[in-house]
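All heavy atoms count here, side chains included; hydrogens, waters and symmetry mates do not. Order of the sequence lines fixes the chain letters, A, B, ..., with proteins taken first and strands second; residue numbering starts at 1 for each chain. A quick note: this is a predicted structure, and the numbers were derived from the prediction, not measured.
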Amino acid sequence: MSQNLVIYNSLTGNKEIFKPIHENRVGMYVCGPTLYSEPHMGNMRTFINFDLVYRYLLKLGYQVKYVRNITDAGHITNSAGEDVDSIGKAAKLAQVQSLEIVYTFNRKFIELQRIYNLLPPSIEPTATQHIQEQIEVIEQLIENGFAYVINGSVYFDVRKYSEKFNYGILSGRKIEELEEATRTLNAQDEKRFFADFALWKKANPEDMQIWRSPWGDGNPGWHIECTAMSTKYLGNKFDIHGGGMDLKFPHHEDEIAQSCGSFGHNPANIWMHANMLNVNGQKMSKSFGNYFLPLEIIEGTTDLFDKAYDANVVRFFLMQAHYRSTIDLSKDALTAAEKGYTRLMEATSLLSKLKTQDTSSINVAQLIQSFYNAMNDDFNAPILVANLFEAVSYINKVNDNLATISSDDLKRLKAEMDSFVFDVLGIKASSNNCIDRLSPVMELIINLRAKARENKDWATSDQIRDALSNAGITIKDSKEGTSWS
RNA sequence: GGUCCUGUGGCCGAGAGGCUAGGCACCGGUCUGCAAAACCGUCUACAGCGGUUCGAAUCCGCUCGGGACCUCCA
């Protein structure tokens, strides 16, 4: 099946037909988490969205090299002439070494990825293990005349750069406008120009992380790690660079500047930006205090919701919004998603029990193609979900003898439904690991209840059903017998 | 203040000049001992005001509301 994947490119503002640099192979770099604290649900949404992208590229048969970095080096900002080393600060508070903190949060992050069913990237390089590569890029920038050394620090020379390249090509920013907004803040700075950004920052005595460099002891600037690591693992020209919308400026803009400055071109053909997760109409963020952790939602320990939700329900909920749209998380929305998720899961399991006829009452091939069409249009998962529900409705009708399906069509539909639901959307049937031990017990109970029902002993029958319901087990009576879940 | 995005039915969300997604909820009905599930049906929205057009939720302008970025941020 030939498919034409179209991707929205933030760089051009257009949807473009996706053509990898090397046939059948895709290189994708995504900005990963900063592990000085536990990633919150908003962070997860971005990673889940790029997991979807990764999964669909794999589904289309591409050989994908998916690189997602881990930021474990302290970033230095200089908005008010003040050094801020996030990792170092957190570490001081906790009275432990910064790498211990990073290690702890990394383990949590790995666990979260398992719970939310994220495929592991091909490689997850860390900033601290690529100091040398970062230094090399900085040296190249100095050599090319786009960076300067001052007092043991190195800055990117935006004015010099602007003579040859377009600073602001991604974010649409104009240097003059930037100056308007920031002029007052950066008066007494050692930078030559307000928009210059640090490539290497001289160490402060209280820094917890310090590395040697040709310019003295210090640590790398915020943006250089991504340039160094994407280049190392994907080359200086690769297919897709992704990240959260809030990284567009300055982080991605500066990455482009670093690449242009050192290799002479933009590192990626396509720039993808995933939109924010909102709570109460506002971006989920630490500073707004409206955030919760991915674990809290499935443990039911956040004040925002009165119950726990399965990670698959959360993932399904996220899939109902396009990655470039914001999505609002609320109790009602999650509850709705939970119902829809259950209906979808039940239909997929029904697929293996369907009776077939000589012909199908609908065009199954067309239905299946609609799944591809949805995803081919810039990974439009909400449309895919809508189309999957068309299939759900059809499956239920076949089950109720109101529609028919041929055995060939059933085979194809099952294969594609499973593939799109489980492999592409990355949704799983919620795991019930005690289900095997429970089965014989349930059989016994259902038989007892069936006897009671035969005798029209509704009191007993309802008592059993209510008790099971209290234990979280739902009983369904139908002509074919009683089922439970 | 600058740049940009956005406003869709009770809720969440697609779409993006005519064919008016989908999920959840609600309301009728079928089925059922009753439920649940499933099925059938109902509900037909695009902030406001102008304009372009044979035709606008979709394009343009203005007004009002929400948001993002400009500082660490997924």
Visitor: Where each residue is assigned the nucleotide of RNA chain B containing its nearest heavy atom, which of A:N396 and A:Q282 is assigned the position nearer the 5′ end?
Guide: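 Closer to the 5' end of RNA chain B: A:N396.
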
Visitor: Looking only at atom C1', what distance separates B:A45 and B:G10, rounded to whole Å?
Guide: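 12 Å, rounded to whole Å.
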
Visitor: Quick one: which of B:G33, B:A74, B:A68 gets closest to the side chain of A:D462?
Guide: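 Of the options given, the side chain of A:D462 lies nearest B:G33.
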
Visitor: From CG of A:L388 over to P of B:G23, roughly how many Å is that when rounded to an integer?
Guide: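 Result: 11 Å.
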
Visitor: Please say whether the positively charged group of A:K15, taken as NZ for Lys or CZ for Arg, lies over the ring of A:Y8, i.e. under 6.0 angstrom from the six-membered ring centre and within 45 degrees of the axis.
Guide: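 Relative to the ring axis of A:Y8, which defines the angle, A:K15 lies outside at least one limit.
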
Visitor: Does A:R465 get its side chain close enough to the base of B:A35, under 3.5 Å, for a donor-acceptor pair?
Guide: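 Side chain to base: pair found, below 3.5 Å.
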
Visitor: To the side chain of A:R343, which of B:A74, B:C69, B:G23 is closest?
Guide: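 Comparing B:A74, B:C69, B:G23 against the side chain of A:R343, the answer is B:G23.
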
Visitor: Nearest 0.5 angstrom please: A:H252 NE2 to A:N266 CG, how far?
Guide: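 A:H252 NE2 to A:N266 CG: 11.5 Å, rounded to 0.5 Å.
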
Visitor: As an exercise, state the distance from NZ of A:K355 to CG of A:N401, rounded to the nearest 0.5 Å.
Guide: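 Result: 6.0 Å between the selected atoms.
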
Visitor: With sugar-phosphate meaning primed atoms plus P, OP1 and OP2, does A:S483 contact a base, only sugar-phosphate, or nothing at under 4.0 Å between heavy atoms?
Guide: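 Here A:S483 touches no strand at all.
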
Visitor: Side chain of A:K397 only, please: which of B:A74, B:G23, B:C40 is the nearest?
Guide: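 Closest nucleotide among those given: B:C40.
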
Visitor: Looking at every strand, decide which applies to A:G281 at a 4.0 Å heavy-atom threshold: base, sugar-phosphate, or nothing.
Guide: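 Since only primed, P, OP1 and OP2 atoms lie under 4.0 Å of A:G281, the category is sugar-phosphate.
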
Visitor: To the nearest Å, how far apart are A:I175 CD1 and B:C70 P?
Guide: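 Those two atoms, CD1 and P, are 17 Å apart.
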
Visitor: Flag as yes if A:W458 stacks onto the base of B:G33 (centroids under 5.5 Å, planes under 30°), otherwise no.
Guide: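 Yes.
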
Visitor: Which of these nucleotides, B:A37, B:C69, B:A35, is closest to any side-chain atom of A:D246?
Guide: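 Of the candidates, B:C69 comes closest.
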
Visitor: Return the 5'-most residue of the pair A:S171, A:M41 with respect to RNA chain B, ranking by each residue's nearest nucleotide.
Guide: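 With A:S171 and A:M41 compared, the 5'-side residue is A:S171.
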
Visitor: Taking side-chain hydrogen bond (donor to acceptor under 3.5 Å, both in side chains) as the criterion, tell me which of A:K191, A:R192, A:E190 meets it with A:Y155.
Guide: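 That would be A:E190.
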
Visitor: Using a 4.0 Å heavy-atom cut-off, write out nucleotides 6-18 of chain B from 5' to 3' as B (base contacted by protein), S (sugar-phosphate only) or - (no contact).
Guide: -----SSSSS---

Visitor: Given A:Y54, which of A:Y66, A:F47, A:F379 fulfils the ring pair (Phe, Tyr, Trp, His ring centres under 6.0 Å) condition?
Guide: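 Only one of A:Y66, A:F47, A:F379 forms a ring pair (Phe, Tyr, Trp, His ring centres under 6.0 Å) with A:Y54, namely A:Y66.
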
Visitor: Tell me the partner of B:G10, counting only Watson-Crick (N1-N3 plus N6-O4 or O6-N4) or G-U wobble (N1-O2 and O6-N3) with both under 3.5 Å; none if nothing fits.
Guide: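 Across any shown strand, B:G10 pairs with B:C24.
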
Visitor: Considering just the side-chain nitrogens and oxygens of A:T335, establish if one lies under 4.0 Å of OP1 or OP2 belonging to B:A25.
Guide: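 No.
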
Visitor: I want to know whether A:Y161 and A:F193 have ring centres closer than 6.0 Å.
Guide: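 Centroid separation for A:Y161 and A:F193: 6.0 Å or greater.
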
Visitor: Do A:F317 and A:Y309 have ring centroids that are under 6.0 Å from one another?
Guide: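 Judged by ring-centre distance (under 6.0 Å), A:Y309 and A:F317 do not meet the cut-off.
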
Visitor: With C1' as the reference atom in both, quote the distance from B:U6 to B:A14 in angstrom, rounded to an integer.
Guide: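 Looking at atom C1' only, B:U6 and B:A14 are 15 Å apart.
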
Visitor: Base, sugar-phosphate, or nothing: which does A:K339 touch, judged by heavy atoms less than 4.0 Å apart?
Guide: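 Since only primed, P, OP1 and OP2 atoms lie under 4.0 Å of A:K339, the category is sugar-phosphate.
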
Visitor: Under a 4.5 Å cut-off applied to non-hydrogen side-chain atoms, are A:I297 and A:F292 in contact?
Guide: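 Contact flag for A:I297/A:F292 side chains = yes.
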
Visitor: Could you please name the option among B:C34, B:C69, B:C24 that lies closest to any side-chain atom of A:R453?
Guide: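 Closest nucleotide among those given: B:C34.
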
Visitor: Measure from the ring center of A:H251 to the ring center of A:F197 and say whether it is less than 6.0 Å.
Guide: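 Distance test on ring centres: not under 6.0 Å, no.
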
Visitor: Considering only the C1' atoms, how many Å lie between B:C69 and B:C12, rounded to the nearest integer?
Guide: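 After rounding to an integer number of Å, I get 26 Å for this pair.
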
Visitor: Starting at CG of A:N373 and ending at C1' of B:A21, how long is that distance when rounded to a whole Å?
Guide: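 Distance check: A:N373 CG to B:A21 C1' gives 14 Å.
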
Visitor: Could you check which of B:A74, B:C24, B:G33 has an atom nearest any side-chain atom of A:F47?
Guide: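 Side chain of A:F47 sits closest to B:A74.
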
Visitor: For B:C4, which nucleotide is its Watson-Crick or G-U wobble mate, given both distances must be under 3.5 Å?
Guide: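 Pairing partner: B:G67.
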
Visitor: What's the gap between B:C19 and B:C5 when it is taken at their C1' atoms, as a whole Å value?
Guide: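 That atom pair is separated by 29 Å.
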
Visitor: Counting heavy atoms from C-beta on, name the nucleotide in B:A74, B:A21, B:U3 closest to the side chain of A:M276.
Guide: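 Within the option list, the nearest is B:A74.
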
Visitor: Taking the C1' atom in each of B:C60 and B:U53, what is the distance between them to the nearest angstrom?
Guide: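 The answer is 12 Å between these two C1' atoms.
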
Visitor: What's the gap between B:A16 and B:G7 when it is taken at their C1' atoms, as a whole Å value?
Guide: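 15 Å, rounded to whole Å.
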
Visitor: Quote, to the nearest angstrom, the P distance that separates B:G65 from B:A47.
Guide: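 Result for the P pair: 16 Å, nearest Å.
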
Visitor: Start with the C-alpha gap between A:I327 and A:R45, add the side-chain angles, then the distance that decides, and say whether side chain to side chain contact (heavy atoms under 4.5 Å, CB included) holds.
Guide: CA-CA 10 Å; A:I327 186 171; A:R45 146 115 127 141; 3.4 Å; yes

Visitor: Distance between the C1' atoms of B:C59 and B:G23, in whole angstroms?
Guide: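 Those two atoms are separated by 30 Å.
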
Visitor: Round to the nearest Å and state the distance from A:N278 atom CG to B:G65 atom P.
Guide: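 Computing the A:N278:CG to B:G65:P distance gives 19 Å.
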
Visitor: May I have the distance from A:R449 (atom CZ) to B:A35 (atom P), rounded to whole angstrom?
Guide: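 Distance, rounded to whole Å: 13 Å.
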
Visitor: For B:G55, give its Watson-Crick or G-U wobble partner with both distances under 3.5 Å, or none.
Guide: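 B:G55 is unpaired by these criteria.
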
Visitor: May I have the distance from A:N387 (atom CG) to B:A21 (atom C1'), rounded to whole angstrom?
Guide: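 Interatomic distance, CG of A:N387 to C1' of B:A21: 8 Å.
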
Visitor: Any strand counts, and the cut-off is 3.5 Å on both contacts for Watson-Crick or G-U wobble. Which nucleotide pairs with B:U42?
Guide: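 Answer to the pairing question: none, since B:U42 forms no Watson-Crick or G-U pair.
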
Visitor: Would you mind telling me which of B:A74, B:C40, B:A36 lies closest to the side-chain atoms of A:T474?
Guide: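 So the nucleotide nearest the side chain must be B:A36.
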
Visitor: Rounded to whole angstrom units, what separation is found between the CG atom of A:L350 and the C1' atom of B:C39?
Guide: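 Taking atom C1' of B:C39 as the reference, CG of A:L350 is at 13 Å.
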
Visitor: Do A:N275 side-chain and B:C5 base share a donor-acceptor contact under 3.5 Å?
Guide: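 Between B:C5 and A:N275, which were checked side chain against base, a qualifying N/O pair under 3.5 Å is absent.
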
Visitor: Where the side chain of A:M284 is defined as all heavy atoms beyond and including C-beta, which of B:A37, B:A21, B:A74 is the nearest nucleotide?
Guide: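 Nucleotide nearest to A:M284's side chain: B:A74.
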
Visitor: Test of understanding: with side-chain contact (heavy atoms from CB on, under 4.5 Å), list the residues that count as partners of A:S171, not counting sequence neighbours.
Guide: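 Partners of A:S171 under the side-chain contact (heavy atoms from CB on, under 4.5 Å) test: A:R173, A:F249, A:E253.
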
Visitor: Which whole-number value in Å describes the distance from A:F249 CZ to B:U71 P?
Guide: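 Between P of B:U71 and CZ of A:F249: 6 Å.
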
